[in-house]
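In what follows, a single structure is set out as structure tokens and then discussed.
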Amino acid sequence: MTGHVVVVGYGNALRCDDGLGWHAAELLADDPRVKGVEVFQRHQLTPELALDISTASLDVLIDASSRLPPGEFSVERVEPAVGVGSRGSHHLTPGTLVALAHELYGRAADVLVVSCGVQSLEIGDGLSPVVEAALPRLVDAVAELVAGQALEMG
């Protein structure tokens, strides 16, 4: 285990609030509170990310959610998916990604998903006002998660 932290903001940046992960990752990449953290922007979770999370101590995935009220966010720990069928890139869930890291590399980081409820998934590259207003709090929450990991390692 190398002890580094990986943050992946993902979603469709051309579908309004589905691009939340991209916007959060962009802010975190320049945030001094998470200096030294590997920050990625991705359209979707792909098998290649299994290597990154197998060598990290913490992996934070940031995604939009239609299950939460618009602008509200949650943090959930991800467990490896059981009985995983297809590992094609269009069907890769956070749990599948964790299972793949275990299968290929024998371990996975602690993986957390930070999700924020969406208001609009229409075509467009901007966030809805309610999700844009939630973005700074979400970024703060991710920075706190990373700082907590640094304290545990320190």
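No experiment lies behind these values; they were computed from the predicted model shown. The figures that follow rest on heavy atoms only: side chains count, while hydrogens, waters and symmetry mates do not.
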In Å, rounded to the nearest 0.5 Å, how long is the span from OG1 of T55 to OH of Y105?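 Spacing of OG1 (T55) from OH (Y105) equals 9.5 Å.
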
How long is the gap from CG on L45 to CD1 on I53, to the nearest 0.5 Å?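 Going from CG on L45 over to CD1 on I53, the span is 9.0 Å.
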
Filter on side-chain hydrogen bond (donor to acceptor under 3.5 Å, both in side chains), then keep only pairs touching residues 19-28, sequence neighbours left out; what's left?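 Pairs touching residues 19-28 that pass the test: none.
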
Donor-acceptor pairs under 3.5 angstrom involving side-chain atoms of residues 62-72: please list them, not counting sequence neighbours.
residue, atom, partner, partner atom, Å
D63, OD2, Y10, OH, 3.3
S65, OG, R67, N, 3.0

Using a 4.5 Å cut-off on heavy atoms from C-beta on, say whether the side chain of [Y] contacts that of [X].
X	Y	result
E79	V98	no
L135	L27	yes
L58	L112	yes
V142	L28	yes
P47	L92	yes
S54	L51	yes

Kindly list each side-chain donor-acceptor pair under 3.5 angstrom involving residues 116-126, sequence neighbours excluded, with atom names and distances?
residue, atom, partner, partner atom, Å
S120, OG, E122, N, 3.2

Identify the two heavy atoms, one from [X] and one from [Y], that lie closest to each other, and give their separation to 0.1 Å.
X	Y	result
R107	A56	NH1-O, 3.0 Å
A24	L138	CB-CD2, 3.9 Å
T96	A81	N-CB, 3.7 Å
C16	L127	O-CD2, 3.7 Å
A25	V39	O-CG1, 3.4 Å

Go through it in stages, so that I can follow the logic: the residues are V114 and L61, the test is side-chain contact (heavy atoms from CB on, under 4.5 Å), and I'd like the CA-CA distance, side-chain angles, deciding distance and then a yes or no. CA-CA 6 Å; V114 179; L61 306 175; over 6 Å; no

Sidechain-backbone polar pair: S115 side chain, F73 backbone, donor-acceptor under 3.5 Å: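 Judged by distance alone, no pair lies under 3.5 Å.
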
Once salt bridge (Lys or Arg N to Asp or Glu O under 4.0 Å) is applied, what residue pairs with a partner in residues 29-42 remain, sequence neighbours excluded?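 Matches after skipping sequence neighbours: D31-R33, R33-D140.
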
Taking salt bridge (Lys or Arg N to Asp or Glu O under 4.0 Å) as the cut-off, I'd like each qualifying pair that reaches into residues 48-62, sequence neighbours left out, listed once.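 Sorted result for residues 48-62: empty, none.
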
Side chain to side chain contact (heavy atoms under 4.5 Å, CB included) against H43, all qualifying residues, sequence neighbours excluded: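 Testing H43 for side chain to side chain contact (heavy atoms under 4.5 Å, CB included), a comparison that skips the adjacent residues, returns N12.
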
Audit row: V8, L49, side-chain contact (heavy atoms from CB on, under 4.5 Å) steps and yes/no: CA-CA 9 Å; V8 181; L49 290 169; 4.2 Å; yes

